[in-house]
Amino acid sequence: MEYNFKEVEKKWRHYWRDHKVYKAIPDPSKQKCYVLDMFPYPSGAGLHVGHPLGYIASDIFARYKKLKGFNVLHPMGYDSFGLPAEQYAIQTGQHPAITTEQNINRYRTQLDYIGFSFDWDREVRTSDPTYYKWTQWIFLLLYNSWYNKSSNKAESIDTLINCFRDSGNVSVDAETSITEYFSSEEWINFNEKKQQHILLHYRLAYLSDASVNWCPDLGTVLANEEVKDGVSERGGYPVEKKLMKQWSLRISAYAQRLLDDLEKIDWSDSLKEQQRNWIGRSEGAQVNFKVADSDFSIEIFTTRPDTIFGATFMTLAPEHELVEMIVTPEYRNKVMSYVIESKNRSERERMAEVKNITGIFTGAYAIHPFTQEKIPVWVGDYVLAGYGTGAVMSVPAHDSRDYAFAKHFNIPIKEVVSGGNMEEQSYDAKEGLLINSGFLNGLDVKSAIKKAIDEIEKKNIGNGKINFRIRDAIFGRQRYWGEPIPIYFKDEIPYPVDEKDLPIVLPEVDKYLPTEDGEPPLARAKNFTYKNYPLETTTMPGWAGSSWYYLRYMDANNPDQFASKEALDYWRDVDLYLGGAEHATGHLLYVRFWTKFLFDKGYISIDEPARKLINQGMIQGRSNLVYRIKDSNKFVSFGLKDKFETTALHVDVNIVENDILNLNEFKKWREEYENADFILEDGKYICGSEVEKMSKSKWNVISPDDMIDKYGADCLRLYEMFLGPLELSKPWNTNGITGTSNFIRKLWKLYHKQNANHELDFFISDDQPTKEELKALHKTIKKVAEDVERFSFNTSVSTFMICVNELTDLKCNKRSILEPLAIIISPYAPFIAEELWQLLGHRESVTKTKFPDFKEEYLIESDFSYPVSVNGKTKTNLSFPLSLSKEEIEKEVLKADEVVRLLKGQVPKKVIVVHGKIVNLVV
RNA sequence: GCCCGGGUGGCGGAAUUGGUAGACGCGUCGGUCUCAAAAACCGAUAAUCGUAAGGUUGUGCGGGUUCGAUUCCCGCCCCGGGUACCA
């Protein structure tokens with residue numbers, strides 16, 4: 001009998017489930033380890049072999065830590081609100097909750113087959129009212145908070161109201177969009193509506209008129225993070241800018257902390273860099289330029305205040321409010337039609353036309369604050385309304401965009417930093433000496449920036465300023481399948497729902513589409529009211545639930561709190577977080593934001609969610625192609641295809657093995673191929689191949705279920721790890737799986753002996769192990785432990801293979817070797833490990849035991865054999881007793897016959913001993 | 001354009017701190033077993049010269065540091081990812 005993985009895996013799946021082997025219980029006597037995967041959106045297509053890659057890696061880590069004596073929290077759940085279920089509901093009328101439930105069940109089955117050590121008692125689903133109750137609760141907390149810049153944290157809105165009542169808003173240093181000031185008296189005399197309106201400008205969750213990314217095809221707005229290349233990330237529909245009343249979260253208040261704290265966490269450099277770029281901190285100055293013959297002044301932001309003497313014109317964004325006010329009568333018509341034209345162009349068009357320079361002169365002039373010269377004011381759509389102040393001082397000599405604009409419209413270029421050639425291009429580099437710049441002349445750029453800011457502040461026309469690129473996150477979605485926002489409207493003023501009335505449950509609707517008036521689907525619901533007032537009809541975006549789910553796992557079934565204090569204090573933060581890099585500027589930014597917010601409010605004691613983060617690479621598909629000869633039903637093998645005129649067609653990779661097409665299966669695959677003919681090479685039909693995304697339409701989807709059916713879950717786990725480094729993207733190729741399959745069989749055979757009927761019987765001896773056997777084992781223990789700690793799972797699989805090969809060669813069947821081997825292999829191949837463990841006579845799961853300790857002494861041999869080189873060239877091998885010191889080795893080397901021969905009488909200048917291993921003699 | 005990664009046999013990939021490059025697996029070739037095939041097992045497998053012992057070259061390209069470089073430094077080429085008028 002060979003190893004029957006099907007039976008064994010079934011047996012242990014049930015055992016694990018029935019005995020709740022992986023249940024995590026807080027235990028203050030043990031050190032905790034929180035291993036988290038980014039939870040999946042349960043899509044209808046189920047899992048393909050790429051999805052579990054990260055789960056397998058984290059599972060190995062979690063199982064390993066458990067064996068090392070840690071109390072491991074390793075949960076799983078579902079990010080179950082989202083667009084696909086809703087799109088499906090729109091098409092079929094089926095409630096998204098039903099589709100979601102079905103998909104979750106399928107996911108669960110698939111996940112169980114792979115043998116994960118998840119504690120399913122802690123499962124969360126973001127679409128479950130008992131979960132989103134707390135998402136709504138956090139939203140209300142955000143709504144009831146403001147950001148105090150002097151204490152540098154979020155505080156209760158009540159403290160702000162008290163401030164306003166006592167002294168108005170002048171002395172308040174808050175993160176706010178408000179520009180007007182009021183006194184204590186004025187505040188008291190404002191009516192309710194005005195007061196609430198003002199407070200919205202301070203709240204961390206606020207309603208405002210915002211320029212949003214509107215996606216007409218999806219009928220909803222999207223956050224910047226959900227828009228890629230001017231189209232929606234999901235579905236790829238066009239997106240346009242639109243002014244709408246919208247809920248937003250004031251993430252910009254946390255910009256500096258989100259940036260600074262990247263230093264504290266062990267995430268990959270590329271991911272940190274992406275977040276840094278996204279936050280986009282830039283230091284510079286804000287400066288006012290008076291508009292000639294008017295009371296207006298134009299406020300600009302620049303990172304190069306040193307080049308202020310080179311400003312030969314000003315440019316306003318088309319959306320800038322001053323455009324209309326300063327344009328002179330003779331230019332008004334032309335300018336206003338330019339403004340309308342640019343506003344109507346979609347984001348995508350504007351992007352596509354980056355190289356098209358457009359702009360128009362307003363007829364107005366600004367006064368240069370230092371030279372008092374009149375400089376023309378232009379409107380140009382290369383200036384973005386949303387960044388800085390929406391206006392720039394244009395320094396064509398030292399900014400390539402200003403340069404292109406100036407060249408195009410023939411505006412003078414004034415060089416103020418030496419080092420470039422103005423005839424050819426602008427000189428943007430931050431080095432060189434200042435010229436033509438009054439009081440800045442002769443300074444280098446760095447000190448000129450300082451000096452310029454000093455003078456600007458002295459003159460009271462501006463100040464040094466730090467700008468961030470990150471915008472507040474739009475939080476409302478005109479969709480059905482999301483968390484309702486717990487806000488109701490009285491006199492058009494938003495008010496929070498009372499905490500005790502949460503959750504606001506998603507109401508039933510007749511259709512999942514917007515209403516005829518363009519209201520979101522929730523507006524269709526009957527009696528969707530609170531205290532007889534209408535409730536907010538937009539829902540939260542997909543990332544709301546995922547911004548705090550790691551906290552809910554700590555105490556997933558708590559009805560009274562999002563998690564208890566004890567649970568939060570015990571599990572604290574995530575020790576290892578595994579997921580895709582595509583969430584770099586979305587989820588991973590929001591989850592840090594919410595964590596900092598909850599920290600500020602005193603609910604949690606950590607201000608970063610995950611200490612260590614690893615991005616697993618994507619597994620691409622490897623498609624197979626067949627070549628049909630034009631106008632025939634004849635297919636030609638890959639190597640001969642160039643002799644014919646052919647069309648390449650995708651063929652189901654499941655009927656191809658090692659690129660050889662199974663002809664019978666192919667004929668059965670589709671009716672039209674039933675009578676297909678083939679031109680073969682060497683009697684085989686060889687398919688072509690291509691690496692592309694795994695998708696149904698390319699017929700290259702490999703399902704983990706099929707792999708498990710054919711080779712077993714252990715084999716799949718080992719093979720996925722063996723493919724290469726976790727973080728690398730790589731194409732799936734089933735060809736190599738026979739290697740890991742063989743390995744598992746060899747492992748099984750180590751614990752068995754063939755009987756007279758050529759069957760394998762369990763056979764193990766209690767003899768003392770030999771030196772070689774102990775060495776093989778302890779080498780493996782050491783390497784595997786090291787590899788797991790540094791997440792190099794591919795190399796530890798190799799180590800296992802070497803170990804099993806060595807023990808097979810040594811014909812080792814000793815308990816003292818094979819028992820520890822079963823333990824250290826169990827994180828990678830839990831099913832066979834459990835079975836072997838049981839055969840060895842243990843009744844409890846292998847996870848209840850301890851990872852064996854590594855003993856250095858077994859690795860040390862009596863003699864070391866050194867390769868010795870002279871001048872790094874000729875080599876010879878020498879052996880020395882272990883007891884020798886470095887100095888003694890050096891002496892011994894020189895005495896050795898081989899070395900004397902190699903040296904030919906020369907005296908070496910230097911003898912190099914490294915790691916007590918390599919000896920090189922320099923002559 | 002800018003910012004991050006990366007480039008090693010026929011293929012996926014090892015090489016942990018600068019120390020015997022190519023571990024491990026796949027594939028290929030040869031062998032054992034078999035009437036035969038499959039499976040299994042054993043051996044070979046960077047290139048090149050040589051019957052062999054052995055030599056020479058070799059980690060994208062060009063240079064440098066070093067007794068010694070896949071690893072460090074400078075310049076270039078190519079591939080992948082992110083980002084894109086952010087003043």
Side-chain angles (χ1 to χ4, degrees), chain A residues 2 228-230 268-278 280-282 284 300-304 307 315 317 350-351 353-355 357 380-384 386-395 398-402 404-405 428 467-471 581-582 584-585 615 617-618 658-659 718-719 722-725 727-743 745-746 749 783 786-787 789-790 792 794-803 805 808 865-873 875 877 908-915 917-923:
Chain A
E2 288 277 302
K228 295 262 145 83
D229 299 324
S268 77
D269 288 337
S270 84
L271 200 127
K272 285 187 183 181
E273 201 55 32
Q274 275 183 57
Q275 292 213 344
R276 279 190 200 106
N277 291 339
W278 192 264
R281 182 184 198 268
S282 42
I300 59 100
F301 174 75
T302 178
T303 53
R304 295 293 302 275
T307 63
T315 314
R350 232 166 122 162
M351 273 180 173
E353 292 165 19
V354 166
K355 284 183 188 86
I357 296 160
D381 71 355
Y382 81 96
V383 177
L384 301 176
Y387 181 76
T389 60
V392 298
M393 67 172 196
S394 301
V395 185
H398 305 289
D399 182 288
S400 56
R401 295 151 304 178
D402 296 342
F405 196 85
D428 297 13
N467 242 321
F468 291 96
R469 203 189 80 121
I470 192 170
R471 317 286 160 82
E582 66 273 19
T585 53
N615 297 119
M618 255 211 299
N658 290 340
D659 288 341
L718 284 163
Y719 186 57
F722 185 70
L723 270 177
E727 296 176 77
L728 224 74
S729 284
K730 55 231 156 196
W732 178 264
N733 186 348
T734 308
N735 293 352
I737 202 167
T738 51
T740 44
S741 184
N742 279 341
F743 162 73
R745 279 208 295 264
K746 276 190 197 171
K749 280 184 193 161
K783 180 101 168 77
E786 278 170 6
D787 285 347
E789 300 276 4
R790 66 187 176 109
S792 178
N794 54 331
T795 50
S796 32
V797 178
S798 298
T799 308
F800 284 132
M801 291 179 174
I802 295 167
C803 180
N805 283 342
T808 305
S865 174
Y866 297 103
V868 176
S869 326
V870 175
N871 279 344
K873 285 236 170 184
K875 288 165 222 154
N877 279 308
K909 278 185 242 157
K910 230 200 282 183
V911 179
I912 298 159
V913 180
V914 183
H915 296 309
K917 256 185 176 177
I918 306 300
V919 181
N920 190 14
L921 307 171
V922 184
V923 179

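Naming: A, B, ... by sequence-line order, numbering from 1 per chain.
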**Q.** Span that lies between the P atom of B/A40 and that of B/C26, in whole angstrom
**A.** 10 Å
Q. Under the rule syn = chi within 90° of 0, otherwise anti, which is B/G9?
A. syn
Q | From B/A15, B/A40, B/C3, nucleotide with atom closest to A/Lys749 side chain | A | B/A40
Q. In terms of the nearest nucleotide of RNA chain B, which residue is placed more toward the 5' end: A/Met801 or A/Ala391?
A. A/Met801
Q | Closest nucleotide among B/U16, B/C4, B/A87 to the A/Lys783 side chain | A | B/U16
Q. Taking only residues two or more places apart in sequence, or in another chain, which ones meet A/Phe405 in a ring-ring contact (aromatic ring centres under 6.0 Å, His included)?
A. A/Phe313, A/Trp378, A/Tyr382, A/Phe409
**Q.** Shortest side-chain distance from A/Leu384, nucleotide among B/C24, B/A87, B/A15
**A.** B/A87
Q. 5'-most contact on RNA chain B: A/Asn794 or A/Thr389, nearest heavy atom basis?
A. A/Asn794
Q) Taking only N and O in the side chain of A/Tyr387, is any of them less than 4.0 Å away from OP1 or OP2 of B/A87? A) yes
Q) Taking only side-chain nitrogens and oxygens of A/Asn735, does any of them come within less than 4.0 Å of OP1 or OP2 of B/G27? A) no
Q | Same-atom distance (C1') from B/U83 to B/G12, integer angstrom | A | 31 Å
Q. Contact class for A/Leu728 vs. all strands (heavy atom < 4.0 Å): base, sugar-phosphate, or nothing?
A. sugar-phosphate
Q) Considering only B/C24, B/A15, B/A87, which nucleotide approaches the side chain of A/Ile802 most closely? A) B/C24
Q. Of all the nucleotides listed (B/A84, B/A23, B/C85), which has the minimum atom distance to the side chain of A/Tyr382?
A. B/C85
(Q) Expressed as a whole number of angstroms, how long is the span from A/Glu789:CD to B/U16:P? (A) 18 Å
Q. Can you tell me if the side-chain N/O atoms of A/Arg745 get under 4.0 Å from OP1 or OP2 in B/A39?
A. no
Q: Give the rounded distance in Å between these two atoms: CD1 of A/Ile470 and P of B/U83.
A: 14 Å
**Q.** Closest to side chain of A/Thr738, choosing from B/G13, B/G27, B/A14
**A.** B/G27
Q. Which nucleotide in the set B/A84, B/G13, B/C41 lies at the smallest distance from any side-chain heavy atom of A/Lys730?
A. B/G13
Q: Would you tell me if any nitrogen or oxygen in the side chain of A/Ser282 comes within less than 4.0 Å of OP1 or OP2 on B/A87?
A: yes
Q: With the side chain of A/Ser798 defined as its heavy atoms from C-beta on, choose the nearest nucleotide among B/G13, B/C24, B/A15.
A: B/C24
Q. Should B/U34 form a Watson-Crick or G-U wobble pair with both distances under 3.5 Å, which nucleotide is its partner?
A. none
Q: Quote, to the nearest angstrom, the P distance that separates B/U57 from B/G63.
A: 15 Å
Q: Identify whether any heavy atom of A/Asn742 sits under 4.0 Å from a base atom; if not, whether one sits that close to sugar-phosphate; answer base, sugar-phosphate or nothing.
A: sugar-phosphate
(Q) Only pairs with both distances under 3.5 Å count, Watson-Crick or wobble alike; so what is the partner of B/G43 in this structure? (A) B/C29
Q: Could you work out which one of B/A87, B/U83, B/C3 sits closest to the side chain of A/Asp399?
A: B/A87
Q. Taking OP1 and OP2 of B/A87, is either one under 4.0 Å from a side-chain nitrogen or oxygen of A/Asn467?
A. no
